Amino acid sequence: MSMFSRFDKDLKHSDGCLHKAADMFFHPIKEDIFHDWDTNHPPFPGPKLTKVKLECKNIVEKKEEVKVVVKVEEKKEEKKCGCGGGGGGCHCHCSCQHHCHCAPAPPPPPPPPPPPPAFVRIYPCFKVIEKYAIVETEWCPMMKDYTADKLWQLHVYLPDVAKDKVIVDILEKTLVVHGEGVFHTHCGMWPGHVEHCCDCTRKEPTSFCKKFALPGNCKITEARVEFEKEVLVVRIQRA
């Protein structure tokens with residue numbers, strides 16, 4: 001008897017398992033331990049598996065719709081330069097406001113320097129001061145000013161006067177010399193064009209204040225003051 005003479009019947013009787021069908025054919029006696037034993041393997045294709053496949057075909061899969069939102073940003077067009085330089089694009093970097101792609105934009109110009117202070121003290125030290133009212137005195141030491149194209153000078157004769165007793169200020173366009181001088185009480189006033197020198201001891205410390213109008217184009221920040229041999233010299237360069 002051939003194994004395949006009743007193959008379909010034996011395979012159906014063994015639940016579609018080829019191993020079980022072979023065991024039942026080679027071991028037909030039920031008392032045989034190998035007639036029907038557990039093989040522990042996945043079932044072979046047979047009626048049961050075919051039935052499962054048919055059931056799976058009848059199931060209709062539901063497709064879920066997924067909405068995807070894509071944001072598209074509009075590209076802003078840059079303003080082109082109207083100067084027409086460089087042919088296809090701007091390469092001149094002219095004064096019109098634009099952003100050229102050929103090279104980075106030039107840095108902005110530096111801010112202008114601050115204006116010089118209007119009220120300063122130039123002797124005995126240079127510093128900024130507050131504006132004050134100028135009150136000239138009746139008496140003052142002998143002073144002479146000189147005006148040239150590139151320089152303005154002032155000479156002040158201060159015999160017997162200490163250097164720390166004299167102050168020189170500039171208030172806008174006015175130069176002010178003030179401090180404490182020495183007045184010869186017994187000699188009285190002497191002519192302005194004559195330098196007074198004497199050996200007398202009758203001298204009185206006296207406050208004084210004298211102002212001078214500065215000429216135009218004076219460089220205040222370049223003012224220089226020297227006090228040597230009882231003579232104070234003020235020099236201010238002119239532009």
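Predicted, not measured: the structure shown is a model, and the values here were computed from it. Computed over heavy atoms, backbone and side chain alike; hydrogens, waters and symmetry mates excluded.
- Remark: P117 engages V120, V128 in a side chain to side chain contact (heavy atoms under 4.5 Å, CB included) (not counting sequence neighbours).
- Taking every heavy atom of both residues into account, E180 and P205 meet most closely at OE2-CB, 3.6 Å.
- When all heavy atoms of A162 and F227 are compared, the pair lying nearest together is O-CE1, 4.0 Å.
- Side-chain atoms of Y132 and V176, non-hydrogen and from C-beta on, do get closer than 4.5 Å to each other.
- Taking the side chain to side chain contact (heavy atoms under 4.5 Å, CB included) definition, one finds that R238 meets it with T147, P215, C218, sequence neighbours left out.
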Exercise. Run the numbers on R121 and E130 for salt bridge (charged side-chain N to carboxylate O under 4.0 Å, His left out), then give the verdict.
Key: CA-CA 10 Å; R121 177 160 296 168; E130 298 291 336; over 6 Å; no
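- The shortest distance between side-chain heavy atoms of L151 and R235 falls below 4.5 Å.
- Side chains of D160 and E230 form a contact here, defined as non-hydrogen atoms less than 4.5 Å apart.
- The closest side-chain heavy-atom distance from V234 to Y123 is not below 4.5 Å.
- Side-chain contact between I134 and C209 is present, with heavy atoms from C-beta onward closer than 4.5 Å.
- For the atom pair OG1 (T221) and CD (Q237), the distance works out to 10.5 Å, reported to the nearest 0.5 Å.
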Quiz prompt | Check against side-chain contact (heavy atoms from CB on, under 4.5 Å), Q153 and R224 | solution = CA-CA 10 Å; Q153 292 189 83; R224 299 292 182 267; over 6 Å; no
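- Side chains of P116 and I220 form no contact here, defined as non-hydrogen atoms less than 4.5 Å apart.
- Pairing each heavy atom of K210 with each of C140, the nearest pair is CD-SG, 4.2 Å.
- Both F212 and I122 belong to a single network of hydrophobic side chains, linked directly or stepwise wherever heavy atoms of I, L, V, M, F, W or Y lie under 4.5 Å apart.
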Self-check item: Evaluation steps, side-chain contact (heavy atoms from CB on, under 4.5 Å), between V161 and V166
Solution: CA-CA 8 Å; V161 176; V166 183; 3.8 Å; yes
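- A heavy-atom distance below 4.5 Å is found between the side chains of I129 and L171.
- Side-chain contact between L232 and E226: absent, with no pair of heavy atoms (C-beta onward) separated by less than 4.5 Å.
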Practice problem: Determine, step by step, whether L175 and I236 satisfy the side-chain contact (heavy atoms from CB on, under 4.5 Å) criterion, reporting the C-alpha distance in whole Å, the side-chain angles of both residues, the deciding distance to 0.1 Å, and the verdict. | Solution: CA-CA 11 Å; L175 184 134; I236 303 178; 4.0 Å; yes
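- Judged purely by distance below 3.5 Å, without hydrogens or angles, the side chains of H155 and D145 never pair a donor atom with an acceptor atom.
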Quiz item: Does the side-chain contact (heavy atoms from CB on, under 4.5 Å) test come out yes or no for V156 and V231, once each step is laid out?
Solution: CA-CA 6 Å; V156 183; V231 179; over 6 Å; no
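- More than 12 heavy atoms of other residues, nucleotides or ligands sit less than 6.0 Å from atom CG of D164.
- Taking CZ of F208 as the reference point, atom NZ of K165 lies at 12.0 Å (rounded to 0.5 Å).
- One N or O on the side chain of E136 and one on the backbone of K211 form a donor-acceptor pair closer than 3.5 Å.
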Exercise. Quick one: do F183 and W139 satisfy ring pair (Phe, Tyr, Trp, His ring centres under 6.0 Å)? Show the steps, please.
Key: CA-CA 8 Å; F183 177 62; W139 175 86; 5.6 Å; yes
